[in-house]
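Okay, so here's the structure we're looking at.
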Amino acid sequence: MACLELDSSQFLLNGDGNVIGSPFDIQLECNSFTGSKAVQDHSRYTLPSQCTNAPDPPPLPGTSYGTHRTSRNAKACRCVPEEIQDFWDRMFFEAYQYDVRVLTEDGNEIMSHSCVVGIKSPVLRAMLEEAKVQGGIRHILIPGVPSEAVHVFIRFLYSSRFEQYQMKRYVLHLLVLSHVFSVPSLKRVCINQLETSLLSPENVVDILQLARLCDAPRLSLVCTRMIIGDFKAITQTEGWRVMRQANPSLEQELLESLVEEDTKRQERARRLEENKVYLQLHEAMEALIHVCRDGCRTIGPRDQTLKSSQAVCRFPACKGIELLLRHFSACKMRVPGGCANCKRIWQLLELHSRMCSAPETCHVPLCRHFKEKMQHLSRKEEAKWNLLVSKVLESKATTSSISERRKFPSLKT
């Protein structure tokens with residue numbers, strides 16, 4: 001918290017989870033205000049026409065269509081000219097014909113206008129309605145935060161402006177003020193400032209607790225991810241030690257989140273490894289068909305002569321399949337499963353037969369043999385092979401889609 005120059009004692013939590021010395025222990029019953037806007041209906045004019053089949057004229061300006069179109073364009077135009085912001089800044093600093101005095105805990109006064117602060121904050125409006133009037137001036141008190149922070153807060157209500165050094169110094173106070181007095185625009189600014197530039201391992205634990213108190217779920221999530229990502233270093237900070245004493249339930253929750261994230265990381269690594277194996281099996285199936293149908297290196301195609309000139313093979317698993325086939329053809333241990341290499345090629349041949357859609361014309365050995373063998377397998381064995389086939393096909397489809405996205409990183413419409 002040192003980099004934000006905040007007195008962290010104002011936001012410490014006791015054993016019950018309440019704020020110690022909370023500056024905003026104000027219970028107000030805010031009155032709801034509904035404004036009504038009178039819209040004058042423009043009369044329609046019917047012009048005489050000599051042609052009875054003429055189409056109806058378009059609606060005149062001021063109809064419901066025109067009102068809807070105007071409001072939509074007004075929402076789309078959100079750029080406020082500098083002159084307007086300068087005007088509101090000048091109105092705040094000069095306090096011309098002010099009618100409210102905002103008192104701070106250290107005795108300072110900030111002159112403002114009830115019509116401005118009441119519109120921007122429903123909580124301040126309720127306080128103004130209950131405030132006593134002395135000489136035509138209403139007095140309200142905002143305790144618990146430095147007067148400079150209150151000054152920045154009131155100025156933001158006027159012109160939505162602030163100085164960056166003030167935001168860096170009082171961002172947590174401003175976040176609390178925006179939450180307590182219901183100013184969502186200022187809360188968004190504070191959250192954005194914290195997420196982009198003001199979070200650090202030293203203050204992230206304190207900001208996480210404040211984000212939960214101020215109903216800032218996105219900021220809370222960002223803080224939690226930062227703590228989990230650099231857990232070892234953050235547990236050595238002063239903020240973590242204070243949090244362990246004041247809010248042990250939060251420590252337990254963060255530890256559980258760390259365990260959950262580690263479990264997800266291991267699960268992702270396991271899935272990536274499985275997908276790698278399935279992809280290798282798919283490449284082996286392609287190489288097996290290639291060797292038996294076209295021939296490659298030292299093995300010729302089935303029922304044909306090996307060509308003397310062979311182009312560079314584009315199948316990465318072709319060399320391994322070629323070695324397995326040569327061993328399988330010369331191995332003296334004919335019992336399936338007796339030799340490890342023979343067992344491997346038997347499994348590849350059986351997997352191919354389950355993926356092959358044309359066994360009558362297939363060049364891979366024993367394809368029809370394994371097709372007939374499928375009819376005598378148990379349901380358990382059948383389900384196991386079907387799952388393997390689906391995983392192999394899915395791995396290839398996933399890899400192809402990723403390759404297409406990398407090939408076309410940005411498509412302009």
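What's counted below: heavy atoms across the whole structure, side chains too, no hydrogens, waters or symmetry copies.
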So the ring pair (Phe, Tyr, Trp, His ring centres under 6.0 Å) pairs with at least one residue in residues 116-148 (sequence neighbours excluded) are none

Residue pairs passing the side-chain hydrogen bond (donor to acceptor under 3.5 Å, both in side chains) test with at least one member in residues 380-389, sequence neighbours excluded, are Arg354-Glu382

Got more than 12 heavy atoms from elsewhere within 6.0 Å of CZ, Arg161? yes

For the pair Arg241 and Gln245, evaluate side-chain contact (heavy atoms from CB on, under 4.5 Å) and give the outcome as yes or no after the intermediate values. CA-CA 7 Å; Arg241 288 191 288 269; Gln245 299 177 0; 5.6 Å; no

Could you list the residues that satisfy ring pair (Phe, Tyr, Trp, His ring centres under 6.0 Å) with Phe92, not counting sequence neighbours? His151, Tyr158

Has Arg138 got a side-chain atom pairing as donor or acceptor with Leu128's backbone, closer than 3.5 angstrom? yes

Take atom CZ of Arg268 as the centre, draw a 6.0 Å sphere, and report whether it contains more than 12 heavy atoms from other residues, nucleotides or ligands. yes

Between Lys264, Arg265, Arg271, which is the residue that forms a salt bridge (charged side-chain N to carboxylate O under 4.0 Å, His left out) with Glu267? Arg271

Test of understanding: with ring pair (Phe, Tyr, Trp, His ring centres under 6.0 Å), list the residues that count as partners of Phe156, not counting sequence neighbours. none

Walk me through whether Asp99 and His113 qualify under side-chain contact (heavy atoms from CB on, under 4.5 Å). CA-CA 5 Å; Asp99 59 349; His113 303 81; 4.1 Å; yes

Set of ring pair (Phe, Tyr, Trp, His ring centres under 6.0 Å) partners for Phe231, sequence neighbours left out: Trp240

Any salt bridge linking Arg169 with Glu163? Criterion: basic side-chain nitrogen under 4.0 Å from a carboxylate oxygen. no

Residue set satisfying ring pair (Phe, Tyr, Trp, His ring centres under 6.0 Å) with His179, at least two apart, ordered chain then number -> none

Kindly say whether Ala216 contributes a backbone atom to a donor-acceptor pair with the side chain of Ser220 at under 3.5 angstrom? no

